[in-house]
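Letters A, B, ... mirror the listed sequences (proteins, then strands); counts begin at 1. The structure displayed is predicted, hence computed values, not measured ones.
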Amino acid sequence: METGTIEVDSLAGGVDLQATLESGQSCFWDRADGRMYDESGVARGSAWYTAVLPPDLAGDDEVVRVRQTDGRLEWESSTDATDHLTHLLRLDDDLPAIQRELPDDPLIETAFDAYDGLRIVRDPPFPTLITFICSAQMRVKRIHTMQRTMARRFGTAIEFDGETYHAFPTPDQLAAATVDELRDCSLGYRAPYVAESARLVADGELDPTDARGREYEAAREFLKGFMGVGDKVADCILLFSLGYLEAVPLDTWIQTAIAEHYPDCDRGSYTETSRAIREAFGGQYAGYAQTHVFHYLRANGPDLG
DNA sequence: TATCCAAGGTAAGTT
DNA sequence: AACTTACCTTGGATA
């Protein structure tokens, strides 16, 4: 096993690992103490998080553990995880520079200042696709449980440091699952969506990574080719996996924020409201504003700001 | 202990 | 294109 550290001071804007991984944008990481999203007064802030990197990222299924203590990130893995962490947690993003590009707006400033070091993640595309298909009408904590269940039942088991971890299922593995088996993972009406979208990827008919390189709105339309992917889910995949930092998923929290703080941005349709709020959030880094505002409102209630 | 309700929406059908 | 409606499941709220 290899270990290493990344100094938080070496990152522009630092990093808040817990805020980044437990703000609801990612289901790729799992808290080793099993207390993900547990608000019940458990000691937080230095917990280990684990993930199984898919072969297309690491060359082979590879377990990575990371925690934040005393101004540094500590990691454990079978090989050097520095580059993987930099990639997955977007540690190269210059947060102060991004904040300077955001508009001078009280809600955005409050939300940004409240969570120093909260970064957008760069999760692998296929798990992100499935995760956000599952997210429809679902609580964040339960989405996470659903992903863990699918990984345990259909994903490859990996031994690391004397423990067993499960990779998120590959497209082939998930496409091989029956709709009933997926329903047994508590997916409900999302089960056939997951089955069909996994099949599309497994059969080579559609690949979420092929959205890359397209103009933003064209990329969003492309992703809507998957079953169970509408505008909002497509925006989540673009922002949290494919690096479209201008994407602003219009979820219920942001809809509430629009109604209360930016009523002029409500243009009726998703496309037009999206354009308006994207502009209000400063364009190219609007997704960073979205994620901070989302996290802030979810933690503090919609009335503040 | 029951019952009710909302949760990071989408697809399909109707106007 | 815009507007309805149904949809699985479950944890937490309310009675």
Please work out which residues in residues 217-239 of chain A have a non-hydrogen atom less than 4.0 Å from an atom of DNA chain B and list them by number.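 By residue number: F226(A), M227(A), G228(A), V229(A), G230(A), D231(A), K232(A), V233(A).
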Using a strict cut-off of less than 4.0 Å between a Lys/Arg side-chain nitrogen and an Asp/Glu carboxylate oxygen, indicate whether K232(A) and D235(A) qualify as a salt bridge.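 No.
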Whether each nucleotide of nucleotides 8-14 of chain C has a protein heavy atom under 4.0 Å at its base (B), only at its sugar-phosphate (S) or at neither (-) is summarised, 5' to 3', as BBSB---
Once salt bridge (charged side-chain N to carboxylate O under 4.0 Å, His left out) is applied, do any residues pair with E159(A), and if so which ones, sequence neighbours excluded?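 Result, salt bridge (charged side-chain N to carboxylate O under 4.0 Å, His left out) vs E159(A): none returned.
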According to salt bridge (charged side-chain N to carboxylate O under 4.0 Å, His left out), who are the partners of R275(A), at least two apart in sequence or on a separate chain?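 Residues passing salt bridge (charged side-chain N to carboxylate O under 4.0 Å, His left out) with R275(A): E217(A), E272(A).
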Working to the nearest 0.5 Å, report the span between OG1 of T156(A) and NE2 of H166(A).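 Here the rounded value is 9.5 Å.
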Could you give the [atom1]-to-[atom2] distance, from [X] to [N], as a whole number of Å?
| X | N | atom1 | atom2 | answer |
| --- | --- | --- | --- | --- |
| Q255(A) | dG9(B) | CD | C1' | 10 Å |
| W253(A) | dA6(B) | CH2 | P | 14 Å |
| R267(A) | dC3(C) | CZ | C1' | 21 Å |
| R298(A) | dA7(B) | CZ | C1' | 11 Å |

How are the rings of F112(A) and Y288(A) set relative to one another: parallel (under 30°), tilted (30 to 60°) or perpendicular (over 60°)?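 Judged by the thresholds at 30° and 60°, the geometry between F112(A) and Y288(A) is tilted.
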For a stem of at least 3 consecutive Watson-Crick or G-U pairs with distances under 3.5 Å, i pairing with j, i+1 with j-1 and so on, which stems involve DNA chain C?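 The stems that DNA chain C takes part in, listed by first number, are B:1-7 with C:9-15, B:9-15 with C:1-7.
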Evaluate side chain to side chain donor-acceptor pair (under 3.5 Å) for S274(A) paired with R220(A), printing each intermediate quantity in order. CA-CA 12 Å; S274(A) 169; R220(A) 194 172 65 193; 3.2 Å; yes
Any link between Y165(A) and V64(A) through a network of hydrophobic side chains (Ile, Leu, Val, Met, Phe, Trp, Tyr) touching at under 4.5 Å?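 Not linked; separate clusters.
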Transitively linked via ILVMFWY side-chain contacts under 4.5 Å: V52(A) with M36(A)?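 Looking at the clustering, M36(A) is in a separate group from V52(A).
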Do E62(A) and S77(A) have a side chain donor and acceptor closer than 3.5 Å?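 Note: E62(A) and S77(A) side chains meet the donor-acceptor criterion.
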Which pairs pass salt bridge (charged side-chain N to carboxylate O under 4.0 Å, His left out) with one or both residues in residues 113-134 of chain A, sequence neighbours excluded?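 For residues 113-134 of chain A, and leaving out neighbouring residues, there are no salt bridge (charged side-chain N to carboxylate O under 4.0 Å, His left out) pairs at all.
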